[in-house]
There are 2 protein chains.
Amino acid sequence: MMETYRDSHDRALTDYPRPSVAVDTAVLTVPPGAALSVLLVRTGDEWRLPGTFLHERERLADAVLRSLQTKAGVSGLSPRQLHVFDDPARDNRGWVLSVAHLDVVPWSRLTIDESLAKIVPVTDAGALPYGHNEILDQAVASIRSSYATTPDPAGLLEHPFTLRQLQQLHETIAGEPLMRDSFRRAMEPQLAATGELAAGTVGKPARLFARA
Amino acid sequence: MMETYRDSHDRALTDYPRPSVAVDTAVLTVPPGAALSVLLVRTGDEWRLPGTFLHERERLADAVLRSLQTKAGVSGLSPRQLHVFDDPARDNRGWVLSVAHLDVVPWSRLTIDESLAKIVPVTDAGALPYGHNEILDQAVASIRSSYATTPDPAGLLEHPFTLRQLQQLHETIAGEPLMRDSFRRAMEPQLAATGELAAGTVGKPARLFARA
DNA sequence: AGAATAGTGTCTGTGAGACATTATGGT
DNA sequence: ACCATAATGTCTCACAGACACTATTCT
């Protein structure tokens, strides 16, 4: 058993005031044929990003995954930190720091509990409490910048996939059409052709790729 | 006086375990004629980034400024959050989350207490405790990316300044020479010419600029 | 055959990089 | 007079954007 640390005033760290620490997460996904969307959970009559308080000695990323599982029935993947919200008046329950996170999850892994949660296009999220709109904006900016130069870094597509499928995904995330030629030139060197061709599609069959 | 919040188990937030929260800051500056440098403070026989524990209801940025003032006699400017370090075994004094920050401070504002602190080139920082090398790497990456497209965003130069002075500053921060033509083309549209000329220099006097 | 899509070839304007030339002060 | 630097002009190459054309499959 480790000795409790004492400072020069013979006090332990726990003798000083400490904040509660929470995590709040923007879970982004792309439903088939739909726009870039975010997971919201209900508390009372209010919709918000899922979050929870940090348990003792728990890692932030683990708290995020736990909150997604218990608050929305969702198995998350790899949360990324965005920002710490530290306004002492932000939460009327007390002094709470919130570490905002982003998690990008393939639609196929999202089997949400519809009594607890819903998935809406990020443009339709409306006004969220606790500065969650700011988190959402940062999350969207973050996923857009990561998709600008790299083919599907979050693995939203099952592979193999065609260049067209990849481009449509990137356009959904960017929220605007992309140029076919430029997209191809930027992405193809970063992909590995499987040698297979897509079947059952209209037109000339496209080559299938996987992330390199 | 506000009523203390009670959850469904009739417990206050303070009835649950909470971490101590610290801030650690990479203070970057450019001494005259020297390389991009970082402020280190001594604790015992060890050099580390300055940091402190968060006081009750204190903002993170305020804790950063307070720690710079008291631990190094430095008046900081505008700290930016980088990352939260949350490894529960990171600090042997107990369960401590550390929010890493970056602050870029002009050399002229750094009147450090030399018995407490020193300023060394970032390449000479050596091995730092508590994952502080990782903070330093992120801080350097952050200032480099902010200086890549914008003229002296942190205001390290007194203005007015010449394009040459600006380029030398950017080269110091980038850690590599920049191309004169490209630099000029990128920066000049973002600057406001004062109409004055530099005096007392060798060669044709340069125009003086201020940030637009 | 025709529609639809994939894949390839090629033209052009823009801008980065490079270099040359002129301007203007100090030594 | 000479040197050092600023400021400006211009050439070239690479590449983004654009468009045309061919290839291949399904209906």
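Order of the sequence lines fixes the chain letters, A, B, ..., with proteins taken first and strands second; residue numbering starts at 1 for each chain.
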Atom NZ of B:Lys204 and atom C1' of C:dT21 are separated, to the nearest Å, by 11 Å

inquiry  = OP1 or OP2 of C:dA18 versus the side-chain N and O atoms of B:Arg185: is any pair under 4.0 Å?
reply    = no

- request: Using distance alone, with no hydrogens and no angle criterion, decide if A:Tyr147 and A:Asp152 have a side-chain donor and acceptor under 3.5 Å apart.
  value: yes

Are B:Arg80 and B:Asp103 within salt-bridge range, i.e. N to O under 4.0 Å? no

- Task: Report which part of the nucleic acid A:Thr162 touches: base, sugar-phosphate, or nothing (heavy-atom distance under 4.0 Å, all strands).
- Result: nothing

Separation of C:dT5 atom C1' from A:Gln168 atom CD, nearest Å, is 11 Å

Winner on side-chain proximity to A:Val202, out of C:dA20, C:dG7, C:dA4, is C:dA4

- Task: Please determine if a side-chain N or O atom of A:Arg207 lies less than 4.0 Å away from the OP1 or OP2 oxygen of C:dA6.
- Result: no

**Study point:** C:dA16 OP1/OP2 closer than 4.0 Å to side-chain N/O of B:Ser182
**Key:** no

- Item | SB check B:Arg66 B:Glu58 (cutoff 4.0 Å) | yes

Whichever of B:Leu163 and A:Pro205 has the more 5' nearest nucleotide on DNA chain D, that residue is B:Leu163

A:Met179 atom CE is separated from D:dC19 atom P, nearest whole Å, by 11 Å

Side-chain atoms of B:Ala206 come closest, of D:dT24, D:dA7, C:dT5, to D:dA7

